[in-house]
Every structure is written in structure tokens, then in C-alpha cells.
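Before any comments, here is the structure.
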Amino acid sequence: MAAVLLLGACSSGAEDSGSVATPSTTSAPAGSPTLEIEVVVDGLDHPWDVAQAEDGTLLLDERSGGFTAVLPDGAVQAVEADFGDLFATGETGLMGLALDPAFAENRRMYTCQGVVDGDEASIEVISWTVSDDWTSASRVEDPLIGGIPVNERSGRHGGCRLEFAPDGALFVGTGDNAVGSHPQDLGSLAGKVLRADPATGDALPDNPFAAPDDGAADLIQTYGHRNVQGLAVRPGTEEMYSVEHGPDRNDEVNLLQPGGNYGWDPDGDGSYDESVPMTDPEIEGAVSAVWDSGAPPIAPSDGTFLDGEQWGAYDGLLLLGALRGRHVLALRLDESGSLVEQFRLPELDGTYGRIRTVEQGTDGALYVTTDNGGGEDQLLRVTPRG
């Protein structure tokens, strides 16, 4: 049996980051379930996100544009939609995808994507309705949320993960566009986590910077982020966690606190200084990470909590999809949110290449998208054997 490692065994780089010490990676604990992996769809090209409706239908998107539905009987079909204004450059394109909590009644879904308007590009959250037969999607609010900056030259650090909170608020993770001043600038929506009313796209009245005279963008929930590509709610709680890329060290998982500053400040006299730690200890009140990769980073792109007795010893784990690391990392958190243990899921360790998204479906299975490109990507269904 692999011993549970308590906090204190620092990984490389964690101490200089001013962040949490991280237990070393172990093998899966004894008694862990064996996982079965099924290829649901193959021949994909950079699929970015996946969501499952209550009827069992899976909806996924691809970064270069396009929706695909997998019906409950296993039939795979394209969902017609207009992507004529899509800005797809580098890391940015069609990215985050989420179904409305009341999707069964209103057929409403949301995307976070790059868009082109004339000679200018930006990132927007757009709301859509999906036809009953899953053959087409039409825009409803275009945009629902606009004005999110994008790096027009490279598409770098586009962020764009979407997640609903238990209270119905829509959270949006954004990237800093590789612009050093953005994370700490409360006048910019880049390098932030936003919190909005999904019906209107407006800031909610209890947002931390909602007062009209404080100079802040009222959609902002947290700031000081580098590239938030994962958001996950811990089941049975109100806790929202973010997952974000570090530079050459210190990928992070953060427990979000309204108004919190998460300490990324790479503005070196107008440059983008990637040598600084992800959580700058010189920023007063900067919130320390729950988990820190140390060096080298694994480039985590998403996170999801496993929930359900069928997962046995894996029930309650926070899973991270790793692009650079080419694996799925499992984190065990205690009730206070402190890290206790981490290990890689053996069946997904280096087997399928880069992992973009990990998402538990409404059916309790884990759905995984790969990000290898060249039409070689897959949507996987992962379930505990027996």
C-alpha cells in the first residue's frame, strides 16, 4: 500500500514560490479501482471541452470550430452552427463549453471563444440554444459577455473555462494574454475569474468589485491569475477551485475566495517577466495555492471532482488533465481544502498523450479529451471496473 504523504515533503520550486508545499507523487493507493477506458469518438482535432446532458447525450467542441453530439444510442453527429467569426490562432479558438443547469427545459448552452469583429479580435462568452434533435445550435446572446482581451498575434493564454456554481452563477476563467500588466489590473478582464448572471451576462450584485465607484470591472470575482483553464466545484460544498498554467514552474490549483488576489505579477517594467513565482510573496495578502507543481510544470488544463460510491477509494478526488505531463493527476484534499496526497491514474499515465479536459458526466463516468492534433484525438469514457 502506498503511504499517504502529509504536507511538508516539498517538491522542487514550491518553497521559492511562496506557495503550499506539495507531497511527492506516489503510485495509486492499494484498493484503488481498476479503470476501464472506452474510445467514444476518434478522428478529432484538438477537442477542447465536453458536457453531458441529463438524457445522456454528450456534446463536445473542437478548437478550430465545430460541435459534435454523441447520442445515447452511440450515434455520432455534427451539430450545425455558425462559426464564421471564430478567431482561432495558437491556443485560442472555440474553447470552453457548458450546458445550462436547466438545459432539459431551456436547451441553452454557453461557449467561450475567440471572435473577430472587423479588424479586431477578442474573447467572448456566447449563449446558444440547441435543437431538440441535436442537429443545430443557434446563438441567443452574442455576446453574453464581451470585452475579454485576446493576444491577437499568438492567441497565447486565452483561458476560457466555464463552470456553474451551486448558486447558479456562471464562472469564467480568463488568461492574461501574456501581457504583464493584465493580472493585477482591475480594469481588465484578462488574468481573472469572472462571475456573471447566465441569463444576462451582467455582474451579480454581490460580486466583490460591484460598487460603481471603485474603478474595478464588476464582473471580476478573483484576480492575479496567469491562465485559468480549469474550474471545478467540490461536490456538496460551495467551494470553487481554479486550475492554471505556471511558467517554467508552479502550475497551481487555487481555492477561490471572492476578491482574492492570487499573486501573478509578471509586469517587469512593461515586459512579461516569466521568471517570477506564480504567487508573488511580495504582494500583501496574496492567496497561496492549494497545490503547486513545483518544477517542471505539467501544464494542467482542467479539473473535475470524482463523486459517487462507484469510484471506491477514488471518490472525492480532484483530477487534473495534464498537457505537458501527458497524464491525469489525482489530488486528495482534506475537509479544509489542504492537500494530503497526489498520484497519477495508472491507466491514463502517458497512454493517450496530452490530456485537455477531464469532466465527470451526469451518468457518473469520467470523460476525457486528448489534445494531440493531426486528427488523432479522442473522446474517452473512463469507468471503474465492476
Side-chain angles (χ1 to χ4, degrees), residues 48-51 61 95-103 108-113 123-128 141 143-149 157-176 182-183 186 188-210 216-245 252-262 264 287 289-290 300-305 307 318 320-321 337 357-360:
W48 213 94
D49 211 346
V50 61
D61 61 8
M95 297 179 283
L97 171 70
L99 302 184
D100 193 275
F103 179 81
R108 188 161 165 137
M109 70 168 183
Y110 308 83
T111 59
C112 186
Q113 61 190 74
I123 288 174
E124 296 180 350
V125 178
I126 298 171
S127 66
W128 308 68
E141 297 291 341
L144 179 71
I145 301 171
I148 303 171
H157 296 182
C160 248
R161 189 65 66 178
L162 302 175
E163 184 74 19
F164 277 92
D167 65 1
L170 177 62
F171 279 62
V172 183
T174 75
D176 66 6
H182 279 168
L186 290 175
S188 171
L189 296 180
K192 310 297 190 299
V193 174
L194 313 180
R195 180 174 179 263
D197 181 338
T200 64
D202 294 337
L204 292 165
D206 57 344
N207 279 7
F209 303 108
D218 58 3
L219 283 166
I220 294 171
Q221 178 78 348
T222 59
Y223 65 109
H225 298 285
R226 184 172 184 266
N227 193 17
V228 178
Q229 288 199 341
L231 291 169
V233 176
R234 190 172 193 174
T237 76
E238 303 290 320
E239 297 171 0
M240 180 76 74
Y241 291 80
S242 68
V243 181
E244 60 184 300
H245 293 254
E252 289 186 349
V253 172
N254 288 295
L255 175 56
L256 300 183
Q257 303 172 14
N261 182 349
Y262 288 81
W264 176 239
V287 182
V290 168
S301 178
D302 191 24
T304 193
F305 283 91
D307 185 31
L318 174 60
L320 308 182
T357 288
V358 288
E359 186 70 27
Q360 185 167 14

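Predicted, not measured: the structure shown is a model, and the values here were computed from it.
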Residues D218 and R195 bridged, charged N to O under 4.0 Å: no

Side-chain touch N207/I220, heavy atoms, less than 4.5 angstrom: no

Close side-chain approach of I148 to L194, heavy-atom, < 4.5 Å: yes

Within-4.5 Å side-chain heavy-atom neighbours: L162 and V125: yes

Heavy-atom pair of closest approach, residues T304 and Q360: OG1-N, 3.3 Å

Ring center gap for F164 and Y110 short of 6.0 angstrom: yes

Reported CD-to-CE distance for the pair Q221 and M240, which is rounded to 0.5 angstrom: 8.5 Å

Closest heavy-atom pair and its distance - T222, L256: OG1-CD2, 3.9 Å

Report, one line per pair, each donor and acceptor closer than 3.5 Å where one atom sits in a side chain of residues 198-205; sequence neighbours left out.
from, atom 1, to, atom 2, distance (Å)
T200, OG1, D202, N, 3.1
T200, OG1, D202, OD2, 3.4

Side-chain heavy-atom pair V233, P166 within 4.5 angstrom cut-off: yes

Heavy-atom closest pair, residues W128 and Q113: CZ2-OE1, 3.9 Å

Ion pair check, D49 and R161, cut-off under 4.0 Å: yes

Exam field: side chain H182 to backbone D176, donor-acceptor pair closer than 3.5 Å: yes

Heavy-atom side-chain contact between L144 and I126 under 4.5 Å: no

OG1 on T111 to CD on E124, rounded to 0.5 Å: 9.0 Å

Rounded distance [0.5 Å steps], NE2 in H157 versus CD1 in I123: 11.5 Å

Heavy-atom closest pair, residues H225 and S242: CE1-OG, 4.1 Å

Within-4.5 Å side-chain heavy-atom neighbours: T174 and C160: no

Passing option when V193 is tested against F171, Y223, Y262 for side-chain contact (heavy atoms from CB on, under 4.5 Å): F171

Min side-chain heavy-atom separation Q229-E244 under 4.5 Å: no

Taking every non-hydrogen atom, the tightest pair across G303 and A232: O-CB, 3.5 Å

Taking every non-hydrogen atom, the tightest pair across P208 and G259: CG-N, 3.4 Å

Beyond-backbone contact of L320 with D302, side-chain heavy atoms, under 4.5 angstrom: no

